[in-house]
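These figures come from a predicted structure and were not determined experimentally.
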Amino acid sequence: MSRLLILGGTTEATRLAAALQDWPQLEVQTSLAGRTQQPVLPAGSVRIGGFGGVAGLVDYLQAESIDLLIDATHPFAAQISQNAAEAAQQVGIPSLILQRPAWVPQAGDRWISVPDLAMAAEQLANLGDRIFLTIGRQELAAFADLRDRWFLMRMIDPPAEAAPLPPGEILLERGPFSLEHERSLLMQYQINAIVSKNSGGSATTSKLQAARELSLPVVMVERPVLPNIQQATTLDAAFQWLKIHC
């Protein structure tokens with residue numbers, strides 16, 4: 001029996017862990033970073049918490065006799081993805097990145113693509129004074145100096161008490177969100193523009209549909225570059241990879 005470690009925290013990771021419960025040739029464990037207060041726990045064995053960088057992950061892979069590693073973390077969890085690739089290489093086990101496809105602009109979209117949140121903040125100068133921030137709670141400081149604008153900040157858990165925040169209102173919600181919900185939200189708060197990370201997936205894509213309908217600009221932060229290892233964008237592709245390596 002092979003031992004698989006899934007680095008999780010995404011819908012894809014949860015679905016993968018559930019599907020693999022029927023694979024008798026695999027013993028599956030999912031690891032969650034622990035940043036969400038009430039995470040959706042996947043099926044099977046689960047550990048919560050960080051590893052302590054590359055060295056800590058190497059120690060864990062060796063101590064637990066892990067044979068295979070699938071990185072199914074959030075597309076913007078760049079550090080853990082890099083750590084995972086390096087640790088797997090050091091230990092000498094096969095590793096795969098499972099990541100949902102990025103969103104692509106459609107006809108009628110008014111996207112402004114930027115490489116990072118600092119550039120996103122700069123782009124807001126001419127986009128109105130009521131901004132919908134849908135970037136989570138970790139990096140709100142990038143907008144904290146924009147005191148002449150009002151921000152609706154949506155996240156699952158509240159920010160840390162001492163975290164620097166821009167002026168505005170915090171909205172605690174967990175997706176998926178319907179088109180009707182997102183349209184109503186944008187109109188109720190008289191939003192002029194949206195800032196989003198290009199996370200992909202269906203849970204929050206309705207905000208992009210609503211922005212398209214209302215002709216609102218979307219400042220889209222593009223994904224960081226992934227480590228140069230094998231990648232999959234579907235569960236079927238991940239299953240095929242596992243069949244080869246089990």
Side-chain angles (χ1 to χ4, degrees), residues 4-19 30-36 39-40 42 48 50-51 53-54 57 69-88 95-106 109 111-121 123 132-143 153-157 173-177 182 194-209 211 218-239 241:
L4 167 67
L5 176 64
I6 300 172
L7 302 181
T10 60
T11 300
E12 291 74 26
T14 301
R15 290 174 178 170
L16 179 63
T30 302
S31 177
L32 305 178
R35 293 177 179 173
T36 302
V40 177
I48 298 178
F51 293 99
V54 175
L57 182 51
L69 174 64
I70 293 183
D71 172 12
T73 56
H74 191 275
F76 282 81
Q79 189 60 63
I80 185 59
S81 291
Q82 188 62 47
N83 291 352
E86 292 183 21
S95 64
L96 174 76
I97 293 177
L98 172 60
Q99 192 173 101
R100 70 190 77 140
W103 293 315
V104 294
Q106 301 183 25
D109 282 332
W111 286 17
I112 303 169
S113 293
V114 295
D116 53 42
L117 288 169
M119 188 65 71
Q123 292 295 321
F132 187 20
L133 282 183
T134 62
I135 60 170
R137 64 188 174 93
Q138 300 285 338
E139 299 168 288
L140 296 172
F143 302 88
M153 297 163 274
R154 181 162 70 190
M155 60 203 75
I156 297 175
D157 296 320
E173 289 186 320
R174 185 194 295 266
F177 305 108
E182 300 295 73
I194 298 173
V195 177
S196 173
K197 293 179 177 179
N198 196 335
S199 301
S202 60
T204 61
T205 189
S206 295
K207 66 187 175 189
L208 304 179
Q209 295 176 264
V218 177
V219 180
M220 186 66 73
V221 182
E222 298 302 341
R223 296 178 175 186
V225 177
L226 290 173
N228 186 26
I229 64 172
Q230 192 167 350
Q231 300 172 22
T233 58
T234 67
L235 290 186
D236 284 344
F239 296 152
W241 181 85

* Please report the closest heavy-atom contact between Gly136 and Met155, naming both atoms and the distance. => C-CB, 4.1 Å
* **Asn83 versus Gly53, closest heavy-atom pair with distance** => ND2-CA, 3.9 Å
* Who are the salt bridge (charged side-chain N to carboxylate O under 4.0 Å, His left out) partners of Arg100, not counting sequence neighbours? -> Glu12
* How many angstroms lie between OG in Ser196 and CZ in Arg154, if you round to the nearest 0.5 Å? -> 9.5 Å
* Asked: Is there a donor-acceptor pair under 3.5 Å between the side chain of Asn198 and the backbone N or O of Trp103?
  -> yes
* Between atom CD of Gln209 and atom CG of Asp109, what is the distance when rounded to the nearest 0.5 Å? -> 9.5 Å
* To do: Just jot down the side-chain hydrogen bond (donor to acceptor under 3.5 Å, both in side chains) partners of Ser31, sequence neighbours excluded, or say none.
  => Arg47
* Asked: Out of curiosity, Gln82 CD to Asp71 CG, how far, rounded to the nearest 0.5 Å?
  -> 10.5 Å
* Asked: If you measure from CD on Gln231 to CD1 on Ile97, what distance do you get to the nearest 0.5 Å?
  -> 5.0 Å
* List for me each residue that meets ring-ring contact (aromatic ring centres under 6.0 Å, His included) alongside Trp241, sequence neighbours excluded, and say none if there are none. => His245
* Asked: Do Ser81 and Thr73 touch side chain to side chain, with heavy atoms closer than 4.5 Å?
  -> yes
* Structure fact -> Glu139 meets the salt bridge (charged side-chain N to carboxylate O under 4.0 Å, His left out) criterion, sequence neighbours left out, with Lys197
* To do: Measure the shortest side-chain to side-chain distance between Thr30 and Thr14 over non-hydrogen atoms and say whether it is less than 4.5 angstrom.
  => no
* State whether the number of non-hydrogen atoms from other residues, nucleotides or ligands found under 6.0 Å of Arg223 atom CZ is greater than 12. => yes
* Structure fact -> Between Gln99 and Pro75 the two heavy atoms that sit nearest each other are NE2-CA, 3.4 Å
* What are the two closest non-hydrogen atoms of Ile6 and Ala72, and how far apart are they? -> CG2-CB, 4.2 Å
* Asked: What are the two closest non-hydrogen atoms of Phe239 and Ala19, and how far apart are they?
  -> CZ-CB, 3.6 Å
* Asked: What's the spacing between Glu182 CD and Thr134 OG1 if we round to 0.5 Å?
  -> 8.5 Å
* When you check the side-chain N and O atoms of Asp236 and Thr234, is any donor under 3.5 Å from an acceptor? -> no
* To do: Measure the shortest side-chain to side-chain distance between Ile135 and Phe76 over non-hydrogen atoms and say whether it is less than 4.5 angstrom.
  => no
* To do: Decide yes or no for Leu4 and Ile70: does some side-chain heavy atom of the first lie under 4.5 Å from some side-chain heavy atom of the second?
  => yes
* **Taking every non-hydrogen atom, the tightest pair across Ala238 and Ala232** => N-CB, 4.1 Å
* Does Leu16 reach the side chain of Pro42, with side-chain heavy atoms less than 4.5 Å apart? -> no
* **Test side chain to side chain contact (heavy atoms under 4.5 Å, CB included) applied to Phe51 and Leu7, step by step** => CA-CA 11 Å; Phe51 293 99; Leu7 302 181; 3.8 Å; yes
* **Pairs touching residues 198-208 that satisfy salt bridge (charged side-chain N to carboxylate O under 4.0 Å, His left out), sequence neighbours left out** => none
* To do: Test Ile194 against Leu208 for side chain to side chain contact (heavy atoms under 4.5 Å, CB included), laying out the working first.
  => CA-CA 9 Å; Ile194 298 173; Leu208 304 179; 5.8 Å; no
* Could you go through the side chain to side chain contact (heavy atoms under 4.5 Å, CB included) check for Leu133 and Leu140 one step at a time? => CA-CA 8 Å; Leu133 282 183; Leu140 296 172; 4.0 Å; yes
* Counterpart residues, side-chain hydrogen bond (donor to acceptor under 3.5 Å, both in side chains), relative to Ser113 (two or more places apart) -> Glu222
* **Donor-acceptor contact present, side-chain Thr233 to main-chain Pro101, <3.5 Å** => no
